[in-house]
Amino acid sequence: MLFSKMFIPTVKEIPKEAEVISHKLMLRAGFIRKLASGIYTWLPLGLRSLRKVEQIIREEMNKKGAQEIIMPFVQPKELWVESTRWEKYGKELLRFVDRNNRELCLAPTHEEVVTDLVRREVRSYKELPLTLYQIQTKFRDEIRPRFGVMRGREFSMKDAYSFDVDEAGAEASYKEMYEAYVNIFNRCGFRFGVVEADSGQIGGSFSHEFMVLADTGEDVIVSCDTCGYAANLERAEVGIIEKGVARKKDLHKRVPTPGQRKIEEVAAFLGIPADKLLKTMVYNTNQGIIGVLVQGGREINETKLKNLLHLDFVELASESVIEETTGGPLGFSGPIGLSIPLYADRDVMFMEDFVVGGNERDVHIVSVNIDDFAVKDFCDVKVAVAGDKCPRCEGRLNTTRGIEVGHIFKLGLKYSKAMNAAFLDKEGKEQLMVMGCYGIGVSRIVAAAIEQGNDENGMILPAAIAPFEVTVLPVNTTHAESLEIAHAVYKGLLDKGIDVLLDDRDERPGVKFKDCDLMGIPLRVTIGERGLKEGLVEIKLRGEKESQKIRKEDIIEKVVEHVQKLKHL
RNA sequence: CGGGAAGUAGCUCAGCAUGGUAGAGCACAGCGUUCGGGACGCUGGGGCCGCAGGUUCAAGUCCUGUCUUCCCGACCA
């Protein structure tokens with residue numbers, strides 16, 4: 001491509017709307033433009049990157065025998081009612097009616113549609129296993145879209161669905177996809193990790209997330225260097241540290257703590273460390289009001305709580321509910337005398353002589369012990385923090401941040417049961433298909449690559465994702481020889497199958513260098529009057545400071561060599 | 001949905017406390033000088049001051065409403 005002919009609107013100013021680096025750079029480099037909140041146009045340069053990511057995914061999926069299809073973006077209500085998600089999915093599901101008052105939605109995911117397709121068409125075990133995938137636009141009416149295409153409402157996703165005759169088959173399909181994902185993210189040049197995750201809205205028994213490691217990531221990853229355990233913070237378990245406790249009882253005394261509501265306030269007021277306090281949180285759930293106890297200074301992990309107690313929803317109780325159920329105001333709740341079910345973090349088992357709220361304004365109770373109140377169950381409900389014990393070994397946990405780019409789920413029978421996706425086995429008996437589903441955020445990958453590769457001058461993209469592999473940059477296009485050589489190099493590289501951009505614009509060199517850096521093109525060939533006098537041209541890697549001078553006759557060969565090296569990482 | 005901020009030229013923003021000719025830099029067009037890291041000079045085009053009401057002789061500026069965008073929490077590829 002010739003730069004002069006290509007639609008590449010770069011900008012110098014930092015766009016006001018952007019917060020994270022990838023969003024800023026994608027706007028500045030002319031990759032994307034916003035149409036509405038969370039909805040973006042992909043411009044030629046950005047689209048080239050997006051297409052490259054798609055192609056990598058396609059190749060790796062096909063290698064595993066998955067077959068590409070495209071399913072509708074607009075879907076009828078009926079299917080969603082059948083899977084019960086019409087009511088459960090919530091407001092992210094954008095619903096509307098057509099001219100005939102038929103209720104429809106924009107697809108946020110496609111389990112219903114594939115399951116419907118496969119149940120209609122597949123009758124026999126002989127046709128299984130089957131894995132279908134698509135690369136398609138999704139729409140989720142996110143509460144808060146942000147970070148550009150990282151969390152858009154409309155976005156491109158690769159979603160694959162596997163159908164197997166039994167659990168073992170499903171296991172094998174899951175493993176195949178897991179491998180494909182590792183290959184895909186390696187080819188994208190990512191530093192990434194795989195973590196155990198919560199399966200959320202999609203459901204199913206367990207799942208893994210593929211996380212690109214980046215400080216700006218929205219997710220927190222908890223991991224153990226000793227045994228390799230890694231999990232999303234919302235699911236991360238914490239190991240127990242057991243220690244003996246004296247079974248003391250009935251020693252507690254009520255003390256005045258005027259105006260001290262927060263853990264830190266009470267701890268400071270009583271002159272004790274925060275971990276000598278017991279935090280009592282009152283939750284409103286679909287199974288009624290419950291109390292959750294955790295050591296002071298620790299947070300309760302609501303996702304874990306929800307999964308442990310098999311709840312559909314949990315939310316902190318309002319002030320009025322707290323007063324009704326405990327008899328005291330917010331900030332003074334404690335377990336003693338409460339009649340609601342109490343669930344305590346396992347740490348609480350080993351606490352001794354601690355402080356709890358008195359369920360009365362300005363009162364706390366000191367010298368409390370575990371036998372002073374009844375706990376329904378001790379479980380792992382706290383948010384993991386760095387330094388906690390690993391749940392799988394004796395190691396310690398640490399935390400990093402990541403961007404979720406892939407998520408694979410074992411769905412089991414969830415959808416096949418709800419929608420009756422069945423086949424006949426060898427004995428002629430009807431069986432339900434065992435499903436799995438596998439997503440990759442395609443547009444998000446482009447953003448993640450930029451989060452992981454950038455400097456003060458712009459993007460530093462891996463060759464596999466960059467819109468072009470090479471820029472040929474004649475410093476002065478009015479210098480006939482420069483331009484002539486530039487064209488020759490450009491043609492030569494095209495012939496070798498290299499993705500090359502020729503910056504043939506009559507611009508000052510600085511402008512062209514800046515644009516080239518901004519766009520993150522991994523390799524730059526600079527052709528200038530000065531070097532040509534000695535028969536030399538320059539080659540520079542985007543990620544490196546120094547350029548090398550190459551004899552102009554050798555340039556094609558050298559560039560091809562470099563590109564190959566860059567792509568095979 | 002709750003909490004916060006902002007909407008003025010294509011972009012980044014000033015002007016608004018105290019109402020009175022709509023501004024700067026960048027970008028864009030023309031001419032000239034420049035030409036290895038976002039050049040300089042001159043000239044020029046460009047604005048329903050988010051939208052709708054209101055107060056006023058007079059509103060970008062004051063008041064009310066509304067829409068949009070962004071940031072902080074709950075969702076997720």
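Please read these numbers as outputs of a predicted model, since none were measured by experiment. Order of the sequence lines fixes the chain letters, A, B, ..., with proteins taken first and strands second; residue numbering starts at 1 for each chain. As a basis for the values below, the full set of heavy atoms in this structure was taken, side chains included, without hydrogen atoms, waters or symmetry mates.
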**Student:** Hey, would you say the Tyr40(A) and Phe31(A) ring centroids sit under 6.0 Å apart?
**Tutor:** no
**Student:** Side chain of Thr526(A) only, please: which of G36(B), G38(B), C75(B) is the nearest?
**Tutor:** G36(B)
**Student:** Using only modelled atom types and a 3.5 angstrom limit, is any donor from either the side chain of Glu507(A) or the base of G38(B) paired with an acceptor on the other?
**Tutor:** no
**Student:** Among C75(B), C70(B), G38(B), which nucleotide sits nearest the side chain of Val511(A)?
**Tutor:** G38(B)
**Student:** For the side chain of Ser207(A) and the backbone of Ala197(A), is there at least one donor-acceptor N/O pair under 3.5 Å apart?
**Tutor:** yes
**Student:** Would you say Phe155(A) stacks on A77(B), if stacking means ring centres under 5.5 Å apart and planes within less than 30 degrees?
**Tutor:** yes
**Student:** Examine A77(B): is either OP1 or OP2 under 4.0 Å from a nitrogen or oxygen in the side chain of Arg444(A)? Give yes or no.
**Tutor:** no
**Student:** Is the phosphate of C75(B) approached by Arg140(A) (side-chain N or O, under 4.0 Å from OP1 or OP2)?
**Tutor:** no
**Student:** Which nucleotide, if any, forms a Watson-Crick or G-U wobble pair with G32(B), using both distances under 3.5 Å?
**Tutor:** C40(B)
**Student:** Roughly how many Å apart are U61(B) and G50(B), using the P atom of each and rounding to a whole number?
**Tutor:** 8 Å
**Student:** Any N or O donor-acceptor pair linking the side chain of Asp517(A) to the base of G37(B) at under 3.5 Å?
**Tutor:** yes
**Student:** For the C1' atoms, the ones on U8(B) and on A14(B), what distance do you get once it is rounded to whole angstrom?
**Tutor:** 10 Å
**Student:** Between A52(B) and U68(B), how far is it from one C1' atom to the other, in whole Å?
**Tutor:** 15 Å
**Student:** So do Tyr438(A) and Ser173(A) actually touch side chain to side chain, heavy atoms under 4.5 Å?
**Tutor:** yes
**Student:** Across the strands shown, which category fits Glu538(A) at heavy-atom distances under 4.0 angstrom: base, sugar-phosphate, nothing?
**Tutor:** base
**Student:** Taking the six-membered ring of Trp86(A), is NZ or CZ of Arg95(A) closer than 6.0 Å to its centre and within 45° of its axis?
**Tutor:** yes
**Student:** Determine the Euclidean distance between corresponding C1' atoms of G3(B) and G19(B); express it in Å to zero decimal places.
**Tutor:** 33 Å
**Student:** Using the C1' atom on both, measure G47(B) against U21(B) and round to a whole Å.
**Tutor:** 15 Å
**Student:** Any side-chain heavy atom of His407(A) within less than 4.5 Å of one from His208(A)?
**Tutor:** no
**Student:** Nucleotides 6-15 of chain B: which of its N/O atoms have a protein N/O under 3.5 Å away?
**Tutor:**
| residue | atom | partner | partner atom | Å |
| --- | --- | --- | --- | --- |
| U12(B) | OP1 | Lys16(A) | N | 3.0 |
| U12(B) | O4' | Glu13(A) | OE1 | 3.4 |

**Student:** Take atom C1' in C57(B) and the same atom in G65(B), then report the distance between them in whole Å.
**Tutor:** 26 Å
**Student:** Considering only heavy atoms from C-beta outward, does the side chain of Met435(A) approach that of Thr115(A) to under 4.5 Å?
**Tutor:** yes
**Student:** Look at the side chain of Arg144(A) against the base of G3(B) and say whether a donor-acceptor pair falls under 3.5 Å; ignore hydrogens and angles.
**Tutor:** no
**Student:** Between A27(B), G36(B), C75(B), which nucleotide has the shortest distance from any of its atoms to the side chain of Lys12(A)?
**Tutor:** A27(B)
**Student:** Measure across Arg444(A) and Glu404(A) and return the closest heavy-atom pair with its distance rounded to 0.1 Å.
**Tutor:** NH1-O, 2.7 Å
**Student:** Does Arg151(A) get its side chain close enough to the base of C76(B), under 3.5 Å, for a donor-acceptor pair?
**Tutor:** yes
**Student:** Among C35(B), C1(B), C72(B), find the nucleotide with the atom closest to the side chain of Arg146(A).
**Tutor:** C72(B)
**Student:** Could you check which of G37(B), A77(B), G38(B) has an atom nearest any side-chain atom of Asp515(A)?
**Tutor:** G38(B)
**Student:** Please confirm whether the shortest side-chain N or O distance from Lys34(A) to OP1 or OP2 of C70(B) is below 4.0 Å.
**Tutor:** yes
**Student:** What distance, rounded to whole Å, do you find between the two P atoms, one in U18(B) and one in G23(B)?
**Tutor:** 24 Å
**Student:** A5(B) and A9(B): how far apart are their P atoms, nearest whole angstrom?
**Tutor:** 22 Å
**Student:** Check this one for me: any side-chain N or O of Ser443(A) less than 4.0 Å away from OP1 or OP2 of A77(B)?
**Tutor:** no
**Student:** Under a 4.5 Å cut-off applied to non-hydrogen side-chain atoms, are Leu79(A) and Val113(A) in contact?
**Tutor:** yes
